[in-house]
Amino acid sequence: MTAYDVHELMVTRVAAEVDEDGVTVMGSFTPLAYASYMLAKLTHAPRAYLAGFDAVGMSPIQLSFTGAEAAAYKGAVCRWGMLTEINSIHLSNHGGVEAVSSAQFDGDGAINLSTIGPFDKPKVRLPGGAGAAEVIKMYRKMIAYFGNHSSRTLVDKVEFVTGTRWKVGAESRRQAGLQPGPIIVVTNLAVLVKDEDDQPFRIESVHPGVDPQVVVDNTGFALDVPSDVPVTAEPTAKQLELLRTKIDPFGTVKFDFLSGKERLQYLESILDAEWKRAEATVR
Amino acid sequence: MTAYDVHELMVTRVAAEVDEDGVTVMGSFTPLAYASYMLAKLTHAPRAYLAGFDAVGMSPIQLSFTGAEAAAYKGAVCRWGMLTEINSIHLSNHGGVEAVSSAQFDGDGAINLSTIGPFDKPKVRLPGGAGAAEVIKMYRKMIAYFGNHSSRTLVDKVEFVTGTRWKVGAESRRQAGLQPGPIIVVTNLAVLVKDEDDQPFRIESVHPGVDPQVVVDNTGFALDVPSDVPVTAEPTAKQLELLRTKIDPFGTVKFDFLSGKERLQYLESILDAEWKRAEATVR
Amino acid sequence: MTSPSADKVVPLQALGGLVPDGASVAFGGGWFANHPMAAVRQLIRAGRKDLHAITVVGSVDMDLLAAADVLGHLSFSMVTLEAFGLAPNVRRTIESGTLPFTEYTGLGMLIGLEAQGRGMPFLPYRGPFGSDLPARYPEIYATTNCPFTGEELTAVRALQPDVAIVHALRCDAEGNAQWDGTSGPDVDMAKAAKRVIVTCEEIVDRPVIVENPHMTKLPGYYVHAVIEAPFGAHPTSHIPRYAMDAWQLMDYAGQAGTDAITDYVARIRSESEDDYRARVLTGRGDVLAALVDVAETLEGANL
Amino acid sequence: MTSPSADKVVPLQALGGLVPDGASVAFGGGWFANHPMAAVRQLIRAGRKDLHAITVVGSVDMDLLAAADVLGHLSFSMVTLEAFGLAPNVRRTIESGTLPFTEYTGLGMLIGLEAQGRGMPFLPYRGPFGSDLPARYPEIYATTNCPFTGEELTAVRALQPDVAIVHALRCDAEGNAQWDGTSGPDVDMAKAAKRVIVTCEEIVDRPVIVENPHMTKLPGYYVHAVIEAPFGAHPTSHIPRYAMDAWQLMDYAGQAGTDAITDYVARIRSESEDDYRARVLTGRGDVLAALVDVAETLEGANL
């Protein structure tokens, strides 16, 4: 077993959900989600149909902060704008897997990307949800990922519902004209799943070395804890090699797992490497 | 004064309505309408914005039965499909001048392109209106043209309303969210205009040598006949030269003014000329 | 939801098996441009029956289907042979009462297709006010009001064909389809349909598609089958490859309203598409292509 | 209705005169891609006040406008500096209550723009059911029902900006505008607005546009003014010309939440756009372009 970091396990776990049914719009460069899709595309789901930025039908790309957008266009078969993507993918039930993160997330599958504190006079004005308010309900699978599993993020009820899965169970989703599919939460500690409206999330697996009780203690909503909790599959050597040498050689995914001063320095070092590679071609 | 045929006068009269405001979708190749727009574009309205087939922002083209479509794309700045044209031109009040012909036309500005006889069991099943049902009300100016001014075509009431101008007067059009503009009928005898809901068409002008009473006698709806009816402006020598040598050297416009066996022979002769020109480049 | 995966290429001969009798089928193209005529001929050869054809502006495609007794219903906003007259077999079958039909307004049909393609049961628009058509079809046209302004609008119901058949310039095995000239209603028919069949002038490798990404009007995730059919729109046009074959159309129009149409259809049935091309295009295909090349724009404007 | 005619080219310096104080202005681009930043800087230089900015996914554009006190209202579905954090000046002005705002759902804003662009007072869609946002804005979000199926849908009101400012790759004097990479919401903002200003990397002659007709996302009849602004999206990206300038963005983010922002804004105000380019791009512009060239796709899929 090759040694790995937890963000690498999260990437492989999210990648495992990516299949070749439907289309996924990734939008802006979010390293963990991008890495997961690229890993899937290079392994078990080569024909996963992806759109990044306005590049539709992308080839897999190498991740970088300054190059991901340009790379997305290089192997793509089509160009659309946001509105065409909305109408041709999201709202027409062609959406496959939607991966989001948020400031708060609760046991109903609701996300808060709007506000901490009163909406009109917020303590923290969050960035807003972009299309998440509508999209997380439309896609077949919703994946929420969090690098820091904490009851401050995984809360009992979000302070403000920016968007929500709305219908969760297969039958209630079908009745609402939505594709049936689960909510899957992937964190640095565990994987949680919810696939019925009136049942809580259950712990699907804990990562190696994590006690299920630690997961419960750090989750603000009720969890169904099976008597025998499986352990999350670890990344394979092949997956790690693909991630480290092909998909994310600059290490963009790790960035979101750092904080404070370390975070800024890490970003500077990645950007320095990206600059030098480009500069070498013109100097 | 150069001698001219009446179809040439009709082209110049329709062309006089074409200006540089708004956009005109011409759709399939209808020689008289196409000729009028090209003449306008080569004379007083060089920046008239035209779409033919799915070519948007066309350059002026030479007319031919087999080459008009190809020519439309050659100088055009943009490609759209039918739906984008509908939403971006027709329904968003960007439509400038709409020229139509129909099997029946009446004094309310209604057209029948659907049926002669009962709708479900027609005596003559007509081709249908395509987008005319919606479009003739949306454009700033509606022009209806008829090569054979007859009370069989210009009827009191159409048997079936495929589409209609709906609102005619400037104020009622504005109130309905439509661009104000008249209905102008251009025939082989005269020009008729209607610009109020509750007023009949009036004879705007008769073509040289036509008695206004002949127009009235051959029109199935009531007409307002001014005491002094002007004569339609005749084509200038420059207009005729442009039409005959540049815009329509094969004579496609005249085709619609022929009938019976003469019509078929004329079409064959045009197509023969078109074929020979193309064949000469590959043999 | 469709699968974007796998090689979708099938031969034209497989088309009949992809379109069951009784299916509703939207046919692409418009006017004398880019109708999927190879597919039309193949459906005739396959002996398909009772198809509910959907066309925005049909021409020889619809008339030939009517002549070959393939149709059980026709939904259209226009069908015409333009300079060659009304469509004789569509006229005959409708006037005799043997072909049930639905006459749409043109924008209504396209917006109905759009509605389905974007997951809506209807869409509102400023409709054909004053037309006699909406009242005939209350299941298609209704009235709705803007919840903000109160404005009365026309609602048109979503239109979902079982199958859409469209003809593209080129397509790869994944179904990514490109057009350069007239695409007409093709993309919106495809987005609305349960299954999409693309015929194309040429099947190409993915890199050819990637080199011209702005020409990809229909991404592969919509497409279920890809069929290579050179001159597949003939005798209608496919710009920039070839112009309409006005001579074959004139020949068709001359026979379509007479007893000769029986032999015309029998010949289509008896020959393969290769035979058809050899018969009508030998010594002529290059001229049909040259008609595109010699078409002229005029100088003196847009300076 | 707009006039498609005439030469619409004006210098960047004329921009301030085209956007009155208090106007609602939709700004194109999304994420760190293709925001009309030269126009943003010019509005600051022109001393514009009380603009109602409309953005789908804003970033440094909105934060800089907030820092320079140009905004009277902000409508957005997201504003973020992504890896560089939340947008400090947007946060500060909203949290202090000095910047009135409207938080749209992303699809709601785009469909509201679409509605206006296609002449509709509203459009229905399967909306953000369960979200707390619609109830806060009953003048924007309402409930409507399908007149055929009865299905309950979300209606979003048409959104008409006074002005849209978008940044294109190239444009001719008639306003025919082309994009190759990210166009985001640009075309739909332009179709919805009363007046449209296109800044572009390069003004070209019409034949260049005609050679690449599939790249013309916005035809000239929509456009009122064309402004050449090379590196006009900097420090955001304009693919395929240059990548985002992450270093300038990091510099901005470092100052934006501190008192240093006052000097940052003052410097923008005091220099011309030529000065700006000379200051931040000398010896760097070619590397920003090279970042596009070296970006890599990975082999091994889509084979």
Side-chain angles (χ1 to χ4, degrees), chain A residues 27-28 38 41-42 46-47 53-54 59-62 64-71 73-75 81-83 86 90-91 110 114 119 121-135 137-138 160-164 166 177 246-247 255 267-268 271 274-275 277-279 281-282, chain D residues 30-33 56-57 76-80 82-83 86-87 90-91 94-95 97 103 105-108 110-111 114 125-133 136 181-188 217 237 239-240 243-244 246-247 250 286-287 290-298 300-303:
Chain A
S28 69
M38 299 314 144
K41 230 172 141 50
L42 289 175
R47 297 198 182 269
F53 298 89
D54 293 331
S59 288
I61 63 167
Q62 182 192 80
S64 66
F65 282 108
T66 58
E69 184 195 7
Y73 290 103
K74 287 192 177 182
M82 287 175 175
L83 182 69
I86 285 171
H90 302 331
L91 294 177
S114 296
F119 185 81
K121 182 78 176 173
K123 179 155 172 278
V124 182
R125 175 59 234 187
L126 297 166
E134 291 100 347
V135 170
K137 83 172 190 306
M138 297 298 302
F160 187 90
V161 180
T162 307
T164 171
W166 193 42
K246 295 190 72 175
I247 295 171
F255 168 70
L267 180 59
E268 284 174 344
L271 293 177
E274 293 186 16
W275 179 273
R277 180 175 70 163
E279 188 180 37
T281 68
V282 290
Chain D
W31 314 292
F32 277 132
V56 177
V57 183
F76 67 101
S77 79
M78 182 177 254
V79 178
T80 170
E82 300 189 15
L86 297 174
V90 168
R91 267 195 70 177
I94 288 182
E95 290 168 11
E103 181 178 0
T105 62
L107 275 60
L110 282 157
I111 294 171
E114 182 195 12
Y125 75 119
R126 293 203 175 117
F129 306 133
S131 168
D132 287 340
L133 285 167
R136 294 209 156 249
T182 303
S183 62
D186 295 8
V187 173
D188 297 289
K217 310 298 183 187
S237 65
I239 305 296
M244 64 186 257
W247 302 269
M250 190 155 50
D286 59 343
V287 180
L291 286 164
V292 174
D293 300 331
V294 301
E296 290 184 18
T297 57
L298 299 173
N302 292 313
L303 300 177

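Note that the structure is a prediction, hence the values are computed from the model and not measured. Lettering of chains follows the sequences in order, A, B, ..., and the numbering in each one begins at 1.
Ring planes of A:Phe53 and D:Trp31: perpendicular class, angle over 60° (limits at 30 and 60°).
Side-chain contact between A:Phe65 and D:Leu291: absent, with no pair of heavy atoms (C-beta onward) separated by less than 4.5 Å. Two residues are said to be in side-chain contact when any heavy atoms from C-beta on lie closer than 4.5 Å; A:Thr66 and D:Trp247 meet this criterion.
Here D:Ser131 is the residue among D:Ala290, D:Ser131, D:Gly97 with the most heavy-atom pairs under 4.5 Å with chain A. In terms of non-hydrogen atom pairs under 4.5 Å with chain A, the most contact-rich of D:Thr297, D:Asp188, D:Thr182 is D:Thr182. Counting heavy-atom pairs closer than 4.5 Å to chain A, the top-ranked of the candidates D:Ser237, D:Ala246, D:Ala83, D:Ala243 is D:Ala83. Interface check for chain D: of the options A:Ala71, A:Pro122, A:Ala130, the most heavy-atom pairs under 4.5 Å are formed by A:Ala130. Top candidate by heavy-atom pairs under 4.5 Å with chain A, chosen from D:Leu107, D:Thr105, D:Val90, D:Val57, is D:Leu107. Note on D:Asp286, D:Val56, D:Asp186, D:Val187: by heavy-atom pairs under 4.5 Å with chain A, the leading option is D:Asp286.
When heavy atoms are compared at a cutoff of 4.5 Å, A:Leu267 approaches chain D solely by way of its side chain, counted from C-beta outward. Within the 4.5 angstrom heavy-atom criterion, only side-chain atoms of D:Met250, from C-beta onward, approach chain A. Contacts between D:Phe129 and chain A at a heavy-atom distance below 4.5 Å involve backbone atoms as well as side-chain atoms. Looking at A:Val135, the atoms closer than 4.5 Å to chain D (heavy atoms on both sides) all sit in the side chain, from C-beta outward. Heavy atoms of A:Thr281 lying under 4.5 Å from chain D belong exclusively to its side chain. For A:Lys74, the parts lying near chain D are the backbone and the side chain together; criterion is any non-hydrogen pair under 4.5 Å. Proximity to chain A (any heavy atom under 4.5 Å) is shown, for D:Pro185, by both the backbone and the side chain.
D:Val287 pairs by the side-chain contact (heavy atoms from CB on, under 4.5 Å) definition with A:Trp275, A:Ala278, A:Glu279, A:Val282, A:Arg283, not counting sequence neighbours. Applying the salt bridge (Lys or Arg N to Asp or Glu O under 4.0 Å) test to A:Glu134 and every residue at least two apart in sequence or in another chain returns nothing.
Atom CG of A:Leu83 is separated from atom CD1 of D:Ile111 by 7.0 Å, given to the nearest 0.5 angstrom. The distance from atom NE2 of A:His90 to atom OH of D:Tyr125, rounded to the nearest 0.5 Å, is 11.5 Å. Atom OG of A:Ser114 and atom CG of D:Asp132 lie 8.5 Å apart (nearest 0.5 Å). Distance CZ/D:Arg126 to CH2/A:Trp166: 8.5 Å, rounded to 0.5 Å. Note that CD1 of A:Ile247 and CD of D:Glu296 are 12.5 Å apart. Values are rounded to the nearest 0.5 Å. In this structure, the separation between CG on D:Leu110 and CE on A:Met82 is 6.5 Å, given to the nearest 0.5 Å.
The nearest pair of heavy atoms linking D:Leu298 to A:Ile61 is CD1-O, 3.3 Å. Heavy-atom minimum distance, A:Gly67 versus D:Ala295: O-CB, 3.3 Å. The two atoms that bring A:Pro127 and D:Leu86 nearest to each other are CD-CD2, 3.4 Å, heavy atoms only. Closest approach of D:Ala33 and A:Glu69 over heavy atoms only: CB-OE2, 3.2 Å. Contact record, D:Ser183 with A:Asp54: N-OD2, 2.8 Å, taken as the closest heavy-atom pair.
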Handout entry: Derivation of the side-chain contact (heavy atoms from CB on, under 4.5 Å) call for A:Thr162 and D:Glu103
Key = CA-CA 10 Å; A:Thr162 307; D:Glu103 181 178 0; 4.3 Å; yes
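Distance alone, capped at 3.5 Å, is enough to place a donor-acceptor pair between the D:Glu95 side chain and the A:Arg125 backbone.
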